[in-house]
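Here is the structure we will look at.
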Amino acid sequence: MTKSGKKVISVIGLGVVGLTTAVGFALRGHRVIGIDIDPQKVRQINEKICPIYEEGLGKAIKNVEIIATTDHGQALDSDISFLCGGTPPKADGSIDLFYLEEPAKQLAEVLRMKKSYHLVVIRSTVVPGITEKVIIPILENSGEVGICINPEFLREGTALEDFVAPRRIVIGENDRRAGDILCNLYEGFGCPILRTDFKTAEMIKQASNAFLATRISFINEIGNTCKELGIDVYEVAKGMGYDERIGSEYLRAGIGFGGFCLPKDLTALVAKAKEVGSTPRILEEVLHLNREQPLRMLELLKRHIPSLKGKVIGILGLAFKPGTDDVRKTKAIDIVEALLDEGAQIKVYDPRAMPNFKKLFDNKIEYTSSDGVLTADAVLILTEWDEFNNLDYRNKIIIDGRRILKAKEARIYEGICW
Ligand code: UDX
């Protein structure tokens, strides 16, 4: 603890979640040590350069003092360690715990040397049971250690905003002392704090993401029907949203949900449900709908260009959503693969995500400007970047997967669900 009563916090794993947690606590005056195995990332953070594209973080990192290091031993100087490693999916959909388990083992080694109490907080998203079955055994011989799970609800693009002004904080605990310390750390965040056991906290996170995904597949299904009936699903969603029991968020119909979290958390929950003998019918159907939805873009395109062989198709937007350069599980991948299978030539543009997309498709497609894309025989809009509202779409064939209103001026305009 520092003289002012602030804590010394170590954050292990400096991806979007870890770095946001580190910057967020540093902004609140705590001393923060950031630990990551990637020396380049560590150097950048020490030079106050944000290693990921995340607008709020990029600005905030310049105003805080974070000591970044590759040395897990530095955690010894802290009172609390947050484990923030990613939990990607394995081939069977279940979660890969490597980036949580390995740092936990290294931390366990370090904490054996500590003489005083230390709190370890799991921030990574895990399925129910992991803290008890995997993390506790790793840490149980490491001296006086308390454990909490504190799931994150941070959206990429607005991660720091979500950290600073959360809608709720969930703390999973199995002893009062550990829970009290974490609860005090979050004092003054101005939102409800829910304290539960480990499994419940883990399930709150999984069920939250599953529900958001369900809303998206639900509105996409309604939207697909609306389109055939000549109804605007965005008007429908607005009308539904006024009912507080329903709410207006996560009802934007489109090409489906991508990104690192929603898809993999849902598959992990489905795998877990099956493992315990439950039948996750709704969740499986949500995933199924989400696989099919982007392919509607090709069906709509073929209403106007029946054979895509040799045709030049432009794509505006590759990131899984605006405000990020992240292309993990972006629906643009499915759509580009399907277009290549049909023999189309593809030109793409994204204001941020082209370097990451190049790593996936390299020279199979052409990377150009928005004007370059608009020379194509038809253009698909896959991410709702603001700047796409400033383009000239007249005389074009546009298939819109994300509701860019300006594109309605096109000679031929098809919205995916409207
Ligand atoms: C998500 C959760 O929102 C966050 O709480 C969690 O901790 C991490 O995972 P994120 O992956 O950043 O955050 O993406 P989010 O903003 O939730 O969007 C996910 C996908 O759903 C995007 O592809 C987005 O375009 C799509 N989406 C979202 C819709 O298609 N319609 C909507 O109404 C909302």
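Reckoned from all heavy atoms, side chains included, excluding hydrogens, waters and symmetry mates. Counting convention: from 1, in listed order, for ligands and their atoms alike.
For the 3.5 Å distance criterion, the side chains of Q293 and N224 qualify, holding a donor opposite an acceptor.
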Atom pairs and distances, ligand 1 N/O vs protein N/O under 3.5 Å:
| from | atom 1 | to | atom 2 | distance (Å) |
| --- | --- | --- | --- | --- |
| ligand 1 | 3 (O) | Y250 | OH | 3.2 |
| ligand 1 | 7 (O) | E152 | O | 3.4 |
| ligand 1 | 7 (O) | E152 | OE1 | 3.0 |
| ligand 1 | 7 (O) | L154 | N | 3.3 |
| ligand 1 | 7 (O) | K205 | NZ | 3.4 |
| ligand 1 | 12 (O) | E156 | N | 2.6 |
| ligand 1 | 12 (O) | K321 | NZ | 3.0 |
| ligand 1 | 14 (O) | K321 | NZ | 3.4 |
| ligand 1 | 16 (O) | Y250 | OH | 3.3 |
| ligand 1 | 16 (O) | K321 | NZ | 2.8 |
| ligand 1 | 17 (O) | Y250 | OH | 2.6 |
| ligand 1 | 23 (O) | G258 | N | 3.0 |
| ligand 1 | 23 (O) | F320 | O | 2.8 |
| ligand 1 | 25 (O) | F320 | O | 3.4 |
| ligand 1 | 25 (O) | R402 | NH1 | 3.3 |
| ligand 1 | 25 (O) | R402 | NH2 | 3.4 |
| ligand 1 | 30 (O) | R402 | NH1 | 3.4 |
| ligand 1 | 31 (N) | R252 | O | 2.9 |
| ligand 1 | 33 (O) | L251 | N | 3.3 |
| ligand 1 | 33 (O) | R252 | N | 2.8 |

Donor-acceptor contacts under 3.5 Å from residues 229-242 side chains, at least two apart:
| from | atom 1 | to | atom 2 | distance (Å) |
| --- | --- | --- | --- | --- |
| D232 | OD1 | Y234 | N | 2.8 |
| D232 | OD1 | R403 | NH1 | 3.2 |
| D232 | OD1 | R403 | NH2 | 3.3 |
| D232 | OD2 | R403 | NH2 | 2.9 |
| Y234 | OH | A253 | N | 3.4 |
| Y234 | OH | A253 | O | 2.7 |

Show me, pair by pair, the donor-acceptor contacts under 3.5 angstrom made by side chains of residues 337-348, not counting sequence neighbours?
| from | atom 1 | to | atom 2 | distance (Å) |
| --- | --- | --- | --- | --- |
| E342 | OE1 | K302 | NZ | 3.1 |
| E342 | OE2 | K302 | NZ | 2.7 |
| K347 | NZ | T375 | OG1 | 3.1 |

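Taking the six-membered ring for Trp and the full ring otherwise, the centers of F163 and F25 sit less than 6.0 Å from each other.
Contacts classified as side chain to side chain donor-acceptor pair (under 3.5 Å) and involving residues 260-273 (residues at least two apart or in different chains) are given here: T87-K264, N209-D265, K272-E275.
Each of I80, I138, L139, I12 was checked for a side-chain contact (heavy atoms from CB on, under 4.5 Å) with V120, and the lone residue meeting it is L139.
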